[in-house]
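Data first, discussion second: the structure below is written as structure tokens.
For ligands, and for the atoms within them, numbers begin at 1 and follow the listed sequence.
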Amino acid sequence: MRILSIETSCDETAVSIVDAVGVFPEATYSVLGNALLSQIDIHREYGGVFPNLAKREHARTLVPMLTQALTEAKLLTEAPRSLSQQEVEELHELLHREHGMADEMITFLETYENPKIDAIAVTSGPGLEPTLWVGINFAKALARTWNIPIVPVNHMEGHVLASVFTGYNLHTVALPALALLISGGHTELVLMKDWWTYELVGQTRDDAVGEAFDKVARLLGLPYPGGPEISKLAEDARTRELPQFADLPRPMLSSGDHDFSFSGLKTAVRYAIQEKELSNDERAALARDFEDAATEVLLAKTAAAFETTGAQSLILGGGVTANRHIRSSFTEHFATEYPDAAVYLPESGLSTDNSIMIALAGHAHIDNALDPLSASSLINADGNRSITAK
Ligand code: KG4
Ligand code: ZN
């Protein structure tokens, strides 16, 4: 089973081709092609992701990314042909909102033979609806012309699978597993009782932790996205053992439930800075103090949820798991407190958004694939799609 996967939920345009042999979750996978383009440089000057700009960029880059991934997979053969008038009209209709994409897609389809792909997996949510729609319409157009089915994928489930992927197969996860999903839009604790059966245990009441990293970075005058910038400064402060700059709160630490709140922490950082011009050392120390506070809350609340749910293993997923301090704090704490429990973290390159994880989740739900005609009306972008929804 060869899957073409597409991810456009935020500011990464990603297309992969993954070969799956066997049945989920015992299958083995080979990544045949993987093309990923980050729009960070485009959004940086605005200090955040601008949905309509992101949408236009996805529309501009999807066909080139598809070409790149298929070339890497050695699946492209030139075979010039003409699409029928009806096919051309359908493509224009499907892609009429995606600026310039229909003509590019038609040129692509008229240049190459249909590649040997069995199904398309596409992120349908959660994420930014305008950008999700570009990926979905692109998937529908390809599926229609190649006459293959489409599986709509939940982006957060993709993050879960990215964390348990070895690069070749999936770890044998002891269930129930507790998943802490931390990204730019989400901070949630989810109990995975079985594959596909998720129960929401706790979530943020305001900002997501990645959002807090990004906002604090802006307060410190660092470029977007702030997570990696804060993490670099904080690491420097740790190496040089800089003294504490601010005594920051640990919000919701003893709230008695499994929810989070990060907006107060961000406000505390703003108060700590006030109108001062911080020295480089002070900025680094404050970045470290913030990272310490955020990590401590995430870890303590996750450990508490691990106890109450009786989980057997821990999965950490989402872009914020690229943070080295968070990774090591969790692995060290769990190795000491729960030596029998496995802690799964994404391998390098799979923490932040990518399409390999979308192929894995697509394979997991291949039974729900829709034929290209029903996909047209049944697959929609859902910006708030929950991982717990069926
Ligand atoms: O999962 P992701 O790529 O996109 C969403 O689905 O939101 O996560 C992006 C988030 C951003 O907020 C970014 O600042 C954060 O992950 N991030 C990090 C690090 N790398 C990315 N946060 C902390 N430390 C990092 N090293
Ligand atoms: Zn994500």
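Nearest residue to atom 3 (O) of ligand 1 from I40, D353, D11 is D353 (criterion: closest heavy atom). The residue from G185, P346, C10, G319 that puts a heavy atom closest to atom 1 (O) of ligand 1 is G319. Nearest-residue assignment for atom 24 (N) of ligand 1 (options I230, N323, V49; heavy-atom criterion): N323.
Atoms of ligand 1 found under 4.0 Å from any heavy atom of H155 (numbered from 1 in listed order, with element): 6 (O). Near G210, meaning under 4.0 Å from one of its heavy atoms, ligand 1 places the atoms 12 (O). Set against the non-hydrogen atoms of A322, the atoms of ligand 1 under 4.0 Å away are 20 (N), 26 (N). Distances below 4.0 Å separate heavy atoms of H159 from the following atoms of ligand 1: 1 (O), 6 (O).
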As a quick check of understanding, evaluate side chain to side chain donor-acceptor pair (under 3.5 Å) for H325 and E235, giving each step before the final call.
CA-CA 8 Å; H325 181 66; E235 206 162 306; over 6 Å; no

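The 12-atom threshold is exceeded at NE2 of H171, counting heavy atoms of other residues, nucleotides or ligands nearer than 6.0 Å.
Checked by distance only, ligand 1 and G184 come closer than 3.5 Å through their nitrogen or oxygen atoms. Ligand 1 has no N or O atom lying under 3.5 Å from any N or O atom of G226, backbone or side chain. Considering backbone and side-chain atoms alike, G227 places an N or O below 3.5 Å from some N or O of ligand 1.
A chain of hydrophobic side-chain contacts below 4.5 Å, direct or via other Ile, Leu, Val, Met, Phe, Trp or Tyr residues, connects V297 to F213. Both I120 and L370 belong to a single network of hydrophobic side chains, linked directly or stepwise wherever heavy atoms of I, L, V, M, F, W or Y lie under 4.5 Å apart.
Electrostatic pairing of R205 and D257 counts as a salt bridge here, judged by a charged N lying under 4.0 Å from a carboxylate O. Ion pairing between a basic and an acidic side chain is recognised when a charged N comes within 4.0 Å of a carboxylate O; R60 and E57 show such pairing. Contact check on K276 versus E282 returns no salt bridge, with no Lys/Arg side-chain nitrogen under 4.0 Å from an Asp/Glu carboxylate oxygen.
L373 places a side-chain heavy atom less than 4.5 Å from the side chain of R144.
Taking distances strictly below 2.8 Å, the protein N/O/S atoms close to the Zn ion (ligand 2) are H155 NE2, H159 NE2, D353 OD1.
Considering D353, N354, T321 in turn, D353 is the only one that fulfils the side-chain hydrogen bond (donor to acceptor under 3.5 Å, both in side chains) rule with H159. Exactly one of D19, L170, I356, V21 qualifies for a side-chain contact (heavy atoms from CB on, under 4.5 Å) with Y29. That residue is L170.
Of all protein heavy atoms, the one lying nearest to atom 15 (C) of ligand 1 is V320 CG2, 3.9 Å. Closest to atom 12 (O) of ligand 1 among all protein heavy atoms lies D214 OD2, 2.8 Å. Nearest to atom 26 (N) of ligand 1 among the protein's heavy atoms is S231 OG, 3.4 Å.
Residue P339 comes nearest to T336 through the heavy atom pair CD-O, 3.7 Å, listed as atom of the first residue, atom of the second, then distance.
Between H58 and F138, the distance from one ring center to the other does not fall under 6.0 angstrom.
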